[in-house]
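Worksheet: one structure, shown below.
First listed ligand is number 1; within each ligand, the first listed atom is number 1.
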Amino acid sequence: MSSHPQGVTALSHIAIATAEADALAAMLVASLGATRGGEELLDEGGLRVVFVHAGPVTFELLEPQRDDHTVARFLATRGPGLHHVSLEVGDLAAALATAKQSGVRLIDETPRPGAHGTKVAFLHPKSAGGVLLELCQGPAEDHG
Ligand code: CO
């Protein structure tokens, strides 16, 4: 068969780093007819994550709550903007193994907990055209 067992099955979400998630969510709702989804705190309260759904596209708004969080450092050095693109895979451990075998530099050698019960792992942007890629496995947040 030609299908790749460790392949990407969907675009999970596009993540944007912002100091003001509520304002950005309101803009997406007002301008794109998007709907606001759930939100949660990750990294022991260091990162607030707000989901916004626009048709088949999910945005993940990342609002750091502490100055020492990696997203806070991202904002301080680059300003607000695209933080990562998340691709859904059926088997994250297998996808990571395949990526590593192909010579891609991994940020996460093993899956770690993401939002809403997902498992995630990041590939280094130096190996991916300058874009931080997240591989994600698990239940997407209130799709549909
Ligand atoms: Co993400």
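- Exactly one of Glu60, Glu39, Arg36 qualifies for a side-chain contact (heavy atoms from CB on, under 4.5 Å) with Phe51. That residue is Glu60.
- Between OE1 of Glu134 and NE2 of His13, the angle at the Co ion (ligand 1) works out to 80°, rounded to 10 degrees.
- Counting backbone and side-chain atoms alike, Cys136 contributes no N/O/S atom closer than 2.8 Å to the Co ion (ligand 1).
- Remark: the backbone N or O of His116 is paired with a side-chain donor or acceptor of Glu40 at under 3.5 angstrom.
- Side-chain contact between Leu62 and Thr18: absent, with no pair of heavy atoms (C-beta onward) separated by less than 4.5 Å.
- Judged by distance alone, with hydrogens and angles left aside, the side-chain atoms of Glu88 form no donor-acceptor pair with the main-chain N or O of Ser86 at under 3.5 Å.
- Of all the N, O or S atoms in Glu60, the one closest to the Co ion (ligand 1) is OE1.
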